[in-house]
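Below is one structure, written out as structure tokens; the observations come after it.
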Amino acid sequence: MSEPRTTMMTKLYHASSKTGERKQIAFVQSIPEFLTAPEPITWSALDIDDERQAVGRKKAENLEIELIFTEEQYDELKALESTNANEYWFIQLPEETAEQAGKPLTWNFQATVHVGLSELALDDMIKAKITLYRNTAIEESKGFPTA
């Protein structure tokens, strides 16, 4: 059994189709929580003392991802934003975490993007903050999806 690994070098990609050519968004600093639990449904009955819960639905969520960018990457992301492109986005763990070479855990979903700037501070990098408005379920695969 292998040891748990750090998530350093987790990568973010986008593509116009699920199996098409993917483009890495370089210099991602962190990926926020994206596999959250569904909201609970609370219920009770007259013959029990307390309330109970059951699994409900997941709330609609967006992902805010801070990244360090080049001007070319910024222009590309702004073009996706201006056309309201519904891209496929891929979050891929480092290769070293995979049991089988070339097959690290990868999650994908479709989303539109909004590009903003993060705080500009002395002695800090200039960073963008992209917001992904997810509109499909998150799918998991080992390596990139092939079909």
ask   = Is the NZ atom of Lys23 crowded by more than 12 outside heavy atoms at less than 6.0 Å?
value = no
Between Ser17 and Phe90, the two heavy atoms sitting closest are O-CZ, 4.3 Å
Output for pair (Asn108 CG, His14 NE2), nearest 0.5 Å, gives 14.5 Å
For Asn135 and Thr112 the tightest heavy-atom approach is ND2-N, 4.3 Å
| said: Would a single hydrophobic cluster contain both Phe109 and Leu77, if residues Ile, Leu, Val, Met, Phe, Trp and Tyr are joined by side-chain heavy-atom contacts under 4.5 Å? | reply: yes
When every non-hydrogen atom of Gly56 is compared with those of Pro38, the smallest separation belongs to O-CB, 3.4 Å
Closest heavy-atom pair, Val115 versus Glu81, reported as atoms and distance to 0.1 Å, is N-OE2, 3.4 Å
Checklist entry - Can you tell me if NZ on Lys78 sees more than 12 non-hydrogen neighbours from other groups inside 6.0 Å? => result yes
(Q) Tell me whether Tyr133 shares a hydrophobic cluster with Leu35, the cluster being built from Ile, Leu, Val, Met, Phe, Trp, Tyr side chains joined at under 4.5 Å. (A) no
Side chain Thr106, main chain Pro104, donor-acceptor under 3.5 Å:
yes
Taken to the nearest 0.5 Å, the spacing of Leu67 CG from Ile130 CD1 works out to 5.0 Å
**Prompt:** Do the side chain of Trp89 and the main chain of Ala111 share a donor and acceptor less than 3.5 angstrom apart?
**Reply:** yes
Output for pair (Asn62 CG, His114 NE2), nearest 0.5 Å, gives 10.5 Å
Residues Pro32 and Ile65: closest non-hydrogen pair is CD-CG1, 3.7 Å
Quick check: do Leu117 and Phe69 have side-chain heavy atoms less than 4.5 Å from each other? yes
### Message
Do Leu132 and Tyr88 land in one hydrophobic cluster if side-chain heavy atoms of ILVMFWY residues count as linked below 4.5 Å?
### Response
no
inquiry  = Is there a continuous path of hydrophobic side-chain contacts, each under 4.5 Å between heavy atoms, that joins Leu80 to Leu63?
reply    = yes
Any sub-3.5 Å donor-acceptor pair from Gln92's side-chain atoms to Trp107's backbone N or O? no
Between the CD atom in Glu87 and the CD atom in Gln110, the distance rounded to the nearest 0.5 Å is 9.0 Å
Note to self: Could you check whether any side-chain heavy atom of Trp43 comes within less than 4.5 Å of a side-chain heavy atom of Ile48, counting everything from C-beta outward?
What the structure shows: yes
Between the NZ atom in Lys127 and the NZ atom in Lys129, the distance rounded to the nearest 0.5 Å is 9.5 Å
Output for pair (Lys11 NZ, Ile31 CD1), nearest 0.5 Å, gives 12.5 Å
Item to check | Sub-6.0 Å ring centroid separation between Tyr13 and Phe144 | outcome: yes
Non-hydrogen side-chain atoms of Thr97 and Leu105 separated by less than 4.5 Å: no
| Are side-chain heavy atoms of Ser44 and Asp50 found at a separation under 4.5 Å? | no
Checklist entry - Are the side chains of Val55 and Pro40 in touch, meaning some heavy atoms are under 4.5 Å apart? => result no
Looking only at heavy atoms, the pair that brings Gln73 and Ile25 closest together is NE2-C, 4.5 Å
- prompt: Heavy atoms, side chains only, cut-off 4.5 Å: are Ile91 and Ile138 in contact?
  reply: no
Glu21 atom CD: more than 12 heavy-atom contacts under 6.0 Å:
no
